[in-house]
Number of protein chains: 2
Amino acid sequence: MTPIPFDPYLKDCPSRSVLDRVADRWTVLVVGALADGPQRFTALAQRVGGVSQKMLTQTLRGLERDGLVRRTVHAEVPPRVEYDLTDAGRDALEPLRALERWTLDHSAAVLAARETYDAAHAPAL
Amino acid sequence: MTPIPFDPYLKDCPSRSVLDRVADRWTVLVVGALADGPQRFTALAQRVGGVSQKMLTQTLRGLERDGLVRRTVHAEVPPRVEYDLTDAGRDALEPLRALERWTLDHSAAVLAARETYDAAHAPAL
């Protein structure tokens with residue numbers, strides 16, 4: 001039996017929840033921050049400016065659950081916890097970095113487009 | 001004066017709102033659906049399964065405001081409205097498609113990882 005192929009354009013395809021994991025601002029930034037190697041929670045929280053403790057915890061747990069991030073507890077006193085990309089997480093780096101790159105390359109144009117749009121759609125006084 | 005470079009890792013950098021536009025499930029699907037050429041609202045709503053009218057309207061308006069999508073009203077009776085990618089939108093296709101491709105390639109593994117994780121983290125009875 002051939003498995004039904006995944007198709008995120010279909011409402012009930014489970015791949016859509018996988019797309020949600022990567023098509024996410026915090027995933028882009030957290031996975032990007034882990035590109036250089038294992039990091040502790042506090043270092044990540046500093047690198048990803050403005051992320052709340054709760055949001056970072058939630059993002060890391062989601063990435064761990066989905067197999068993109070590995071959480072390692074080092075047997076020390078006190079125990080040291082580190083987060084690292086798995087192979088699947090490393091595979092995701094390329095498209096996520098491409099998205100980051102597009103963002104850097106187009107931010108000025110997008111912000112200008114917004115101003116133009118807002119001026120054209122401002123309510124008449 | 002050199003402009004300050006964009007950096008989405010900084011809390012207050014405006015590029016973060018640009019990242020939000022592309023790191024979004026509906027952007028991936030709507031921009032992907034527009035890859036083959038101009039489309040009407042109803043065709044898009046059919047292609048992107050399960051998207052609500054409200055969410056599609058909101059996504060298209062956001063993409064138009066950010067200069068990724070062009071909305072054209074053809075002077076016919078009744079007027080025909082079409083949505084199309086701009087050059088910036090077409091530039092975004094590549095990273096967005098790469099994200100879609102990653103999703104397809106890794107969905108099975110991610111879903112399996114979720115099962116393993118949930119089994120290991122199930123509350124003891």
Side-chain angles (χ1 to χ4, degrees), chain A residues 3 5-29 32-33 47-51 61-62 64-68 86-88 91-92 94-114 116-118 121, chain B residues 3 5-29 32-33 47-51 61-62 64-68 86-88 91-92 94-114 116-118 121:
Chain A
F6 291 111
D7 181 357
Y9 287 89
L10 299 180
K11 181 178 166 233
D12 296 320
C13 182
S15 67
R16 199 169 264 191
S17 69
V18 179
L19 177 60
D20 283 344
R21 176 65 60 211
V22 280
D24 173 85
R25 169 213 273 201
W26 298 117
T27 292
V28 174
L29 298 175
R47 176 80 181 101
V48 181
V51 69
R61 194 171 297 152
E64 188 195 352
R65 180 172 178 250
D66 285 3
L68 277 77
T86 62
D87 286 344
D91 276 355
E94 203 178 324
L96 293 175
R97 284 235 158 132
L99 216 55
E100 200 183 312
R101 167 61 39 206
W102 184 93
T103 300
L104 291 174
D105 290 347
H106 290 78
S107 278
V110 167
L111 297 170
R114 278 184 197 170
T116 307
Y117 182 95
D118 290 348
H121 293 77
Chain B
F6 290 111
D7 181 355
Y9 287 89
L10 299 179
K11 180 176 167 237
D12 296 320
C13 182
S15 66
R16 199 169 262 191
S17 69
V18 179
L19 178 59
D20 284 343
R21 174 67 58 211
V22 280
D24 174 84
R25 169 213 274 204
W26 298 117
T27 292
V28 174
L29 298 175
R47 176 80 180 103
V48 181
V51 69
R61 194 170 297 152
E64 189 195 350
R65 179 172 179 249
D66 285 4
L68 277 76
T86 61
D87 286 344
D91 276 355
E94 202 179 325
L96 293 175
R97 284 236 157 131
L99 217 55
E100 202 184 310
R101 167 61 38 206
W102 184 93
T103 300
L104 291 174
D105 290 347
H106 291 78
S107 279
V110 167
L111 297 170
R114 277 184 198 170
T116 307
Y117 182 95
D118 292 347
H121 293 78

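Below, chain A is the first sequence line, B the second, and so on; all start at residue 1.
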I need the residue from A:Val110, A:Thr103, A:Leu29 with the largest number of non-hydrogen atom pairs under 4.5 Å to chain B. A:Leu29
Identify which part of A:Asp24 has an atom lying under 4.5 Å from any heavy atom of chain B, answering side chain, backbone, both or neither. backbone
What part of B:Glu64 lies closer than 4.5 angstrom to a heavy atom of chain A: side chain, backbone, both or neither? both
What is the minimum heavy-atom distance between B:Val28 and A:Ala23, and which atoms define it? CG2-CB, 4.0 Å
Portion of A:Asp118 that has a non-hydrogen atom of chain B nearer than 4.5 angstrom: side chain
If I measure from the heavy atoms of chain A, does B:Phe6 come under 4.5 Å with its side chain, its backbone, both, or neither? both
Please report the interatomic distance CG(B:Leu99) to CD(A:Glu94), rounded to the nearest 0.5 Å. 11.5 Å
Contact summary for A:Trp102 and B:Val22, nearest pair of heavy atoms: CZ3-CG1, 3.6 Å
What heavy-atom pair brings A:Pro14 and B:Leu111 nearest, and what distance separates the two atoms? CB-CD1, 3.7 Å
Answer with side chain, backbone, both or neither: which region of B:Thr27 has an atom nearer than 4.5 Å to a non-hydrogen atom of chain A? neither
Per-residue tally against chain A (heavy atom, under 4.5 Å) across B:Asp12, B:Thr116, B:Leu10, B:Asp20 peaks at B:Asp20
Is it the case that more than 12 heavy atoms not belonging to A:Asp87 sit under 6.0 Å from its CG atom? no
Applying a strict 4.5 Å limit to non-hydrogen atoms, the region of B:Ala112 in contact with chain A is neither
Which atom pair, heavy atoms only, marks the closest approach of A:His106 to B:Ala88? CD2-CB, 4.0 Å
For chain A, which of B:Lys11, B:Arg65, B:Arg25 has the most heavy-atom pairs under 4.5 Å? B:Arg65
Which atom names give the shortest non-hydrogen contact between A:Ser15 and B:Ser107, and what distance separates them? CB-OG, 3.2 Å
Counting heavy-atom pairs closer than 4.5 Å to chain A, which one of B:Leu68, B:Asp66, B:Leu104 comes out on top? B:Asp66
Counting heavy-atom pairs under 4.5 Å to chain B, which of A:Arg16, A:Arg101, A:His121 comes out on top? A:Arg16
Could you have a look at B:Gly67, B:Ala92, B:Ala33, B:Ala109 and say which one has the most heavy-atom pairs with chain A under 4.5 angstrom? B:Ala92
Nearest 0.5 Å, please: how far is CG in B:Asp91 from CG in A:Asp105? 8.5 Å
Between B:Pro8 and A:Glu100, the two heavy atoms sitting closest are CG-CG, 4.2 Å
